[in-house]
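What you see is a predicted model; the values in this text were computed from it and never measured. For ligands, and for the atoms within them, numbers begin at 1 and follow the listed sequence.
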Amino acid sequence: MNDSTVAVIVVAAGSGTRLGHPEPKALVPLGDDTILGVALDAVLGMREAPFVVVVAPADRVDEVRERCATRAAEATVDLVVVAGGLTRQESVALGLAELPREIEVVLVHDAARPLAPSAVFDEVAAAVEARGHGIVPGLPVVDTVKRVDGEGHVLETVDRSELAAMQTPQGFPREVLESAYAAAGADFTDDAALVAAAGVPVDVVPGDARAFKVTVPSDLHRAEQLLAERRAAVAAAERSAPRALPAHSAPTRVGTGIDVHAFADAPDTPLWLAGLHWPGERGLSGHSDGDAVAHAICDALLAAAGLGDIGGMFGTDDPRFSGAHGEVFLAETVRRLREAGWRIGNVSVQVVGTRPKLAPRRTEAETLLTGIVGAPVSVAATTTDGLGFTGRGEGITAIATAVIFPAPGSA
Ligand code: CTP
Ligand code: MG
């Protein structure tokens with residue numbers, strides 16, 4: 001579905017012995033979801049959709065696959081679910097085996113850290129791409145740390161300024177992680193240790209307190225509270241947000257329309273232009289009355305509103321519009337804009353041609369068009385110094401610009 005070069009392996013195959021819940025830890029309820037579901041939301045919230053591997057408890061793979069499929073499809077993310085192993089390290093290795101060829105950066109994340117924000121994933125991925133080595137999010141250690149022997153005697157105080165508590169997601173260039181896993185002799189508690197043991201540099205970037213690991217029941221309680229607070233904050237923000245404008249709208253929109261009509265062959269064809277009849281002037285050819293000014297205004301308005309164009313809206317061959325006057329199209333266009341929640345700011349139209357002389361009837365035309373449009377319409381005219389078809393008097397061009405706004409209160 002996507003062509004991402006970043007993958008996230010979410011390890012969720014642990015049993016959660018210390019949590020003591022009958023369900024494997026990743027499937028323990030959290031809010032109206034599961035720990036894994038909340039963790040997955042953070043992954044799917046990344047700025048650029050990654051390829052996702054979920055490593056599930058071996059006896060729950062089908063169920064997890066089913067739960068994940070809908071979310072992944074909604075987010076248009078490629079996601080695979082595989083069975084995990086007996087240790088975390090084995091589970092990561094099984095996830096690594098699922099990566100498609102194009103993946104260059106791999107993030108490994110504990111499902112047990114469901115509230116790690118999407119931004120941490122983005123930062124870790126970006127740092128791996130920029131620096132080309134391992135990146136782990138870490139938090140400064142705030143408590144005094146002491147080395148203690150097996151009988152509970154303090155041996156020494158450790159300098160905590162040199163310590164950081166590691167979190168996930170941890171990110172690596174793919175080949176670094178793969179070769180470190182291939183070479184790993186011992187069992188490590190995190191991927192950074194495994195990669196560092198392979199001699200590859202690993203940098204720490206700032207972690208996030210919310211990325212804490214759910215290990216014992218009090219952690220689950222804390223996660224429940226944080227999630228409830230987060231959801232309440234989102235709901236409050238939605239309530240207090242200004243009423244949403246249509247997705248396609250902006251505070252102001254502008255549109256341009258151009259129409260060209262040739263003068264009719266028959267000299268007695270009446271001329272209709274800018275909604276007015278021009279006695280004694282040769283008319284324009286066209287399926288309708290050929291009122292280039294009215295048509296250009298329609299196109300400018302429709303374009304500004306994203307409603308297409310006059311041909312698409314009225315059908316150039318539709319017998320109902322045979323010979324129809326420009327104001328029929330204009331009135332209908334204005335109605336459609338109003339229906340879609342738009343208000344017209346103003347329209348400016350310029351006629352390019354040698355005839356008719358517009359100036360004497362400019363005010364008349366502007367008054368008529370302003371009445372139909374329901375907003376100021378200004379009409380200007382120019383010639384082209386004898387150049388082109390307009391200069392030779394073969395036809396007329398009209399160019400219109402329209403400004404529109406969302407009508408107050410439209411949603
Ligand atoms: N994990 C895994 N496969 C394993 C063991 C652990 O995928 N064989 C995952 C867990 O699901 C968790 C992460 O590694 O998301 C961190 O492990 P931990 O917090 O220790 O989880 P559990 O091993 O499930 O918990 P416990 O150690 O209390 O049994
Ligand atoms: Mg464990």
For atom 10 (C) of ligand 1, what is the nearest protein heavy atom, given as residue, atom name and distance? G14 N, 3.6 Å
Under 4.0 Å from one or more heavy atoms of D110, ligand 1 contributes atoms 13 (C), 14 (O), 15 (O), 16 (C)
Which protein non-hydrogen atom lies closest to atom 27 (O) of ligand 1, naming both residue and atom, and how far is it? R18 NH2, 2.8 Å
Does the cation-pi check pass for R222 over F212, that is, NZ or CZ under 6.0 Å from the six-membered ring centre and within 45° of its axis? yes
Logged contact type for T87 with ligand 1, heavy-atom cut-off 4.0 Å, is backbone
Protein contact of atom 21 (O) of ligand 1 - nearest heavy atom, named by residue and atom, plus distance: K25 NZ, 3.1 Å
Return the closest protein heavy atom for atom 9 (C) of ligand 1 as residue, atom name and distance. V11 O, 3.7 Å
At the 4.0 Å heavy-atom cut-off, does G85 count as touching ligand 1? yes
Using modelled atom types only, decide if a donor and an acceptor are shared between the side chain of S91 and the backbone of V11 within a distance under 3.5 Å. no
Just so I know, are the side chains of L115 and V38 near enough to count as touching, which here means a heavy-atom distance under 4.5 Å? yes
Flag: protein heavy atom within less than 4.0 Å of atom 17 (O) of ligand 1: no
List ligand 1 atoms under 4.0 Å from S15, heavy atoms only on the residue side. 24 (O), 29 (O)
Nearest neighbour in protein (non-hydrogen) for atom 24 (O) of ligand 1: G16 N, 2.8 Å
protein heavy-atom neighbour closest to atom 7 (O) of ligand 1 works out as A13 N, 2.9 Å
Answer yes or no: is there an ion pair linking E104 with R174, defined by an N-O contact shorter than 4.0 Å? no
Does a side chain donor of either D190 or Q170 reach within less than 3.5 Å of an acceptor in the other side chain? yes
Per-atom contacts, ligand 1 versus K213 - under 4.0 Å to a heavy atom: 18 (P), 19 (O), 20 (O)
Look at the side chain of R65 and the backbone N and O of V81, then say whether any donor-acceptor pair between them is shorter than 3.5 Å. yes
Atom 26 (P) of ligand 1 - nearest protein heavy atom and its distance: T17 N, 3.5 Å
Is ligand 1 under 4.0 Å from a heavy atom in the side chain of L86, in the backbone, in both, or in neither? backbone
Specify the closest pair of heavy atoms between T354 and T390, including all atoms of both residues, with the distance to one decimal. CG2-O, 3.7 Å
Under 4.0 Å, heavy atoms only, figure out whether ligand 1 is touched by the backbone of S91, its side chain, both or neither. side chain
Please collect all side-chain hydrogen bond (donor to acceptor under 3.5 Å, both in side chains) contacts where either partner lies in residues 46-63, sequence neighbours excluded, each pair once. E23-R60, R60-E63, E63-R67
Using distance alone, decide if ligand 1 has a nitrogen or oxygen within less than 3.5 Å of any nitrogen or oxygen in V214. no
Tell me whether D78 contacts the main-chain N or O of F51 through its side chain, where contact means a donor paired with an acceptor under 3.5 Å. no
Minimum heavy-atom distance between R362 and V379, given as atom pair plus value: NH1-O, 2.6 Å
Specify side chain, backbone, both or neither for E90, according to which of its non-hydrogen atoms lie closer than 4.0 Å to ligand 1. neither
I'd like to know if A12 contacts ligand 1, where contact means a heavy-atom distance under 4.0 Å to any ligand atom. yes
Could you tell me which non-hydrogen atom of A180 sits nearest to which non-hydrogen atom of A198, and how far apart they are? CB-CB, 3.9 Å
